[in-house]
Each structure stands twice: as C-alpha cells, then as structure tokens.
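To start, the structure under review is shown below, and the notes come after it.
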Amino acid sequence: QVQLAESGGGSVQAGDSLRLSCAASGTLDRHATVWFRQPPGKEREFVARINWSGGRTYYADSVKGRFTISRDNAKNTVYLQMNSLKPDDTAVYSCAASLDTSDSRIYYRSPGIYDYWGQGTRVSVSS
C-alpha cells in the first residue's frame with residue numbers, strides 16, 4: 001500500500017509563500033496526484049492535480065496563477081508551491097493519489113476516486 005505524508009504547513013501572513021510536500025512511502029509509479037483542502041467548518045475542495053509524467057496540471061480557479069503543483073518521481077514526492085497566500089487559503093491541505101486512468105482525468109475533482117490519502121497539513125494565513 002502507498003502511504004502519503006504531507007508536510008510544510010504553518011502559520012503565515014497574507015502575501016507570504018509556503019511549499020507543501022507530499023512524500024510517499026511506496027512508489028507513485030503511474031499515479032496522478034492531487035491536493036485538496038478543507039477550510040475550517042467547510043467541505044473539502046479541489047486545489048490542484050498533476051499527472052504521472054508531470055506534464056499536465058489542473059488548478060482550481062481560486063488558486064490559479066498563485067499555486068504551482070509539481071512532482072519529483074525519483075523522490076516519490078509531490079509539491080504544492082503556494083505564493084501570494086490569502087486568508088481564504090486557510091485550510092488543512094491533503095494530498096491524494098490514484099492510478100492515472102481516463103476516469104481519474106475526468107473525475108479528478110471528486111475526492112471519492114482517490115485510493116490513497118495523507119493525514120493533511122495545516123495552513124493558516126492571517127491578514
């Protein structure tokens with residue numbers, strides 16, 4: 001089984017940057033990975049997705065232009081670079097992974113399709 005562990009969260013001021021990491025204990029070979037976030041008291045929402053090769057990415061409109069998802073397959077690690085952070089970005093950020101199938105590309109915004117999840121890392125942005 002693949003185990004995912006997020007790190008890099010913290011408390012920052014608006015306008016600051018953070019880089020989140022999602023490290024896999026097992027190989028993510030042929031897996032697409034995504035970041036979701038869950039603000040306090042709200043539902044989980046899609047943030048970004050990257051395919052296995054790293055050549056195709058998708059972003060939620062709310063983070064497009066500010067966040068960048070990337071991966072280093074040699075390290076079995078996926079990253080989320082977050083710039084120009086806003087208070088609305090405050091949430092627990094979780095990474096997830098699934099095999100990079102056609103269905104996963106179609107339904108990538110749905111948390112239920114992902115096979116592996118990390119425990120999350122908390123990001124708090126104050127104004």
Donor-acceptor under 3.5 Å ([X] side chain, [Y] main chain):
X: Thr77; Y: Lys75; answer: yes
X: Thr101; Y: Ser104; answer: yes
X: Asp100; Y: Asn51; answer: no
X: Glu6; Y: Gln119; answer: yes
X: Tyr59; Y: Ile69; answer: yes
X: Thr121; Y: Gly9; answer: yes
X: Thr27; Y: Asp29; answer: yes
X: Tyr114; Y: Val34; answer: no
X: Thr90; Y: Val125; answer: yes
X: Arg66; Y: Ser84; answer: yes

How far does [atom1] of [X] sit from [atom2] of [Y], to the nearest 0.5 angstrom?
X: Asp89; Y: Ser62; atom1: CG; atom2: OG; answer: 7.5 Å
X: Leu4; Y: Ser21; atom1: CG; atom2: OG; answer: 12.5 Å
X: Ile113; Y: Ser98; atom1: CD1; atom2: OG; answer: 5.0 Å
X: Ile50; Y: Cys95; atom1: CD1; atom2: SG; answer: 12.5 Å
X: Arg122; Y: Leu20; atom1: CZ; atom2: CG; answer: 13.0 Å

Hey, can you tell me if Tyr93 and Phe67 have their rings parallel, tilted or perpendicular (30° and 60° cut-offs)?
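It falls in the tilted class, 30° to 60°.
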Parallel, tilted or perpendicular: which one describes the rings of Tyr116 and His31, with boundaries at 30° and 60°? tilted
### Query
Is NZ or CZ of Arg49 both nearer than 6.0 Å to the six-membered ring centre of Tyr58 and within 45° of the ring axis?
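Output no; distance or angle outside limits.
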task = Compute both the distance and the angle, then confirm whether Arg105 meets the cation-pi test with Trp52: under 6.0 Å from the six-membered ring centre, within 45 degrees of the axis.
result =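 Not satisfied by the 6.0 Å and 45° rule.
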Side chain to side chain, Leu80 and Arg19, heavy atoms closer than 4.5 Å: no
Notebook entry, point to check: Is any side-chain heavy atom of Val2 less than 4.5 Å from a side-chain heavy atom of Leu28?
Noted result: yes
Please determine whether residues Phe36 and Val123 belong to a single hydrophobic cluster, defined as Ile, Leu, Val, Met, Phe, Trp and Tyr linked transitively by side-chain heavy-atom distances below 4.5 Å. no
Quick check: is Tyr79 connected to Tyr108 through a chain of hydrophobic side chains (ILVMFWY, heavy atoms under 4.5 Å apart)?
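Shared cluster, no.
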I need the minimum non-hydrogen distance between Arg71 and Val78, along with the two atoms involved.
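Shortest heavy-atom separation between Arg71 and Val78 comes out as CB-CG2, 4.0 Å.
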Heavy atoms of Ala14 and Pro87 approach each other most closely as CB-CD, 4.2 Å
Subject >> Sidechain N-carboxylate O distance under 4.0 Å for Lys64, Asp61 >> reply: yes
Self-check item: Polar contact flag, side-chain donor to acceptor under 3.5 angstrom, Asn83-Ser17
Solution: yes
Is Arg109 atom CZ crowded by more than 12 heavy atoms from other residues, nucleotides or ligands, each under 6.0 Å away?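 Above 12, so yes.
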Self-check item: Trace of the side-chain contact (heavy atoms from CB on, under 4.5 Å) decision for Arg44 with Arg37
Solution: CA-CA 5 Å; Arg44 185 181 297 167; Arg37 68 186 184 186; over 6 Å; no
Item checked: ring pair (Phe, Tyr, Trp, His ring centres under 6.0 Å) evaluation trace for Phe46 with Trp35 -> CA-CA 7 Å; Phe46 168 79; Trp35 288 93; over 10 Å; no
